[in-house]
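Down below is the structure, laid out as structure tokens.
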Number of protein chains: 2
Amino acid sequence: MRYSDTHKDETRKKVVRAAAAAVRSKGPEGVGVAEIMAAAGLTHGGFYAHFPSKEALIVAAIDEAFGSSARRFARLTDGASRREALATFVDTYVTMRHRDHPEGGCPVATLSSDLPRQGLAVREAYERGLKSLVRRVAGWLPEATPDPDSVAASLVAEMAGSVLIARAISDDAEADRLLADARHRIKHRMGILT
Amino acid sequence: MRYSDTHKDETRKKVVRAAAAAVRSKGPEGVGVAEIMAAAGLTHGGFYAHFPSKEALIVAAIDEAFGSSARRFARLTDGASRREALATFVDTYVTMRHRDHPEGGCPVATLSSDLPRQGLAVREAYERGLKSLVRRVAGWLPEATPDPDSVAASLVAEMAGSVLIARAISDDAEADRLLADARHRIKHRMGILT
DNA sequence: GCCTTTATATGATGATGATCATATTAGACG
DNA sequence: CGTCTAATATGATCATCATCATATAAAGGC
């Protein structure tokens, strides 16, 4: 083995991470293979040594995007109570920071409308990620919550929807107000505030 | 004037309507000028006699998409009370029909994630449409509602978010259940049910 | 230090699509 | 009915981009 065992894998990871950011900020159709490779510090030539197609990269990028979000929230909510975890989630998700940084944000709030137009493999990756997100949120709901998956899906819908709408609003102060209202409303609804 | 006064205008309208559908089902980057012209029964050649650029068409298409949704709901809710109008809106918006037909649906649930990547003119058209939608919904809220625009924005966020998530769910029965839950939850929250 | 292999780079290729230049046609008006 | 022009069609052009073919370079073992 002429290169170290891990060399190619590390390169691949770099490419996937670059793709995960690019795909969220520019959409699956909006990024080019060459651009992603450049972002990873490479040229476009070696691409097909790592992935059979652009679509395969998009799939990996979506998995990575959901995965890194999941890891980040796991870190943030480590050791917290259900209620605290939920509050942290809302306070991190429904924010100007998230509005202004799609490249590192939740794929649900970034790729949702692109999805129906993608190939099966991409949609499956997205659905996988979405379901695991909903299940995670459901796990933070009070134990007595009836039908927690449904409540969680509804929460995710409102949070993602709020961020999407905030992204469409050009006035920062107005977007900020909208998000603050949404946070308050969502937490109230979850019984975190009363 | 060799053609009737209205001929060119009518053609333009046909093109815009075709674009309004195409843009919602395939996204602004996903449709081609030639494809839209063909859908309107023309070839791509005459396009630039009608629009200075593809972007100008997208702007017109977004205006048309928001406009036609608005007209449809105006018709549906004509003469209804506020409460009835709101219920009708929810019952029409948060449905499988809407999930399965983005081409005729609400642009918020179809173009949201494409938007940040579009040019200024497109984003302005979208913002215009979104705000008028929110204002319309706000007008249906009970008179006593404090901060109706904020409540309306939140409702739109949850409704659009629910449809987006339902679109990501491949299993029809599951999506249907999610939407039914969302409808119930939203109406409950609005005080329409109790 | 050299050789071999694996990883990456350089440089096609072919397709697609926005835009534009030129040709053709439709139809109002005389 | 023929003419003339607005409206549309046909057919470039140029750029972008996924994909692939071939060339170069890096580095572990000798």
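Here the structure is a predicted model, which is why all the values come from computation and not from measurement. Letters A, B, ... mirror the listed sequences (proteins, then strands); counts begin at 1.
For A:Arg97, the CZ atom is loosely surrounded, since the number of other residues' heavy atoms within 6.0 Å does not exceed 12. The number of heavy-atom neighbours closer than 6.0 Å to CZ of B:Arg128, taken from other residues, nucleotides and ligands shown, is above 12. Summarising the local packing, NZ of A:Lys26 is surrounded by 12 or fewer heavy atoms from other residues, nucleotides or ligands at distances under 6.0 Å.
The CG-C1' distance, from A:Leu42 to C:dT6, rounds to 14 Å in whole Å. Between A:Ile58 atom CD1 and D:dT19 atom P there is a gap of 10 Å when expressed in whole angstrom units. Spacing between atom CZ of A:Phe47 and atom P of D:dC17 amounts to 14 Å, rounded to whole angstrom units. In this structure, the CE atom of A:Met37 is 8 Å from the P atom of C:dT8, given to the nearest Å. If you measure from atom CD of A:Glu35 to atom P of D:dT19, you get 15 Å, rounded to the nearest angstrom. Protein atom CD of B:Glu55 is 19 Å distant from nucleotide atom P of C:dG17, rounded to whole Å.
Minimum atom distance to the side chain of B:His44 is reached by D:dT10, of the listed C:dG11, C:dT8, D:dT10. Comparing C:dC20, D:dA18, C:dT8 against the side chain of A:Tyr48 picks out D:dA18 as the nearest. The side chain of A:Lys54 sits closest to D:dA18 out of D:dA18, D:dT8, C:dC20. With D:dA9, D:dC20, C:dT19 as the choices, the nucleotide that has an atom nearest any side-chain atom of B:Thr43 turns out to be D:dA9.
Within residues 12-33 of chain B, the residues approached by DNA chain C to less than 4.0 Å at the level of any non-hydrogen atom are B:Val31, B:Gly32, B:Val33, in residue-number order.
Taking 4.0 angstrom as the limit, A:His50 places none of its side-chain polar atoms (N or O) nearer than this to OP1 or OP2 of C:dA7. Regarding contacts with the backbone of D:dA7, every side-chain N or O of B:Thr11 stays at 4.0 angstrom or more from both OP1 and OP2.
For B:Ser154 and B:Arg189, the side-chain atoms include at least one donor-acceptor pair closer than 3.5 Å.
Two residues are said to be in side-chain contact when any heavy atoms from C-beta on lie closer than 4.5 Å; A:Glu29 and B:Asp114 fail this criterion.
For the salt bridge (Lys or Arg N to Asp or Glu O under 4.0 Å) with A:Glu64, the qualifying choice from A:Arg71, A:Lys13, A:Arg24, A:Arg17 is A:Arg71, the only one to do so.
Close placement of the A:Tyr126 and A:Phe66 rings is indicated, their centers lying within 6.0 Å of each other.
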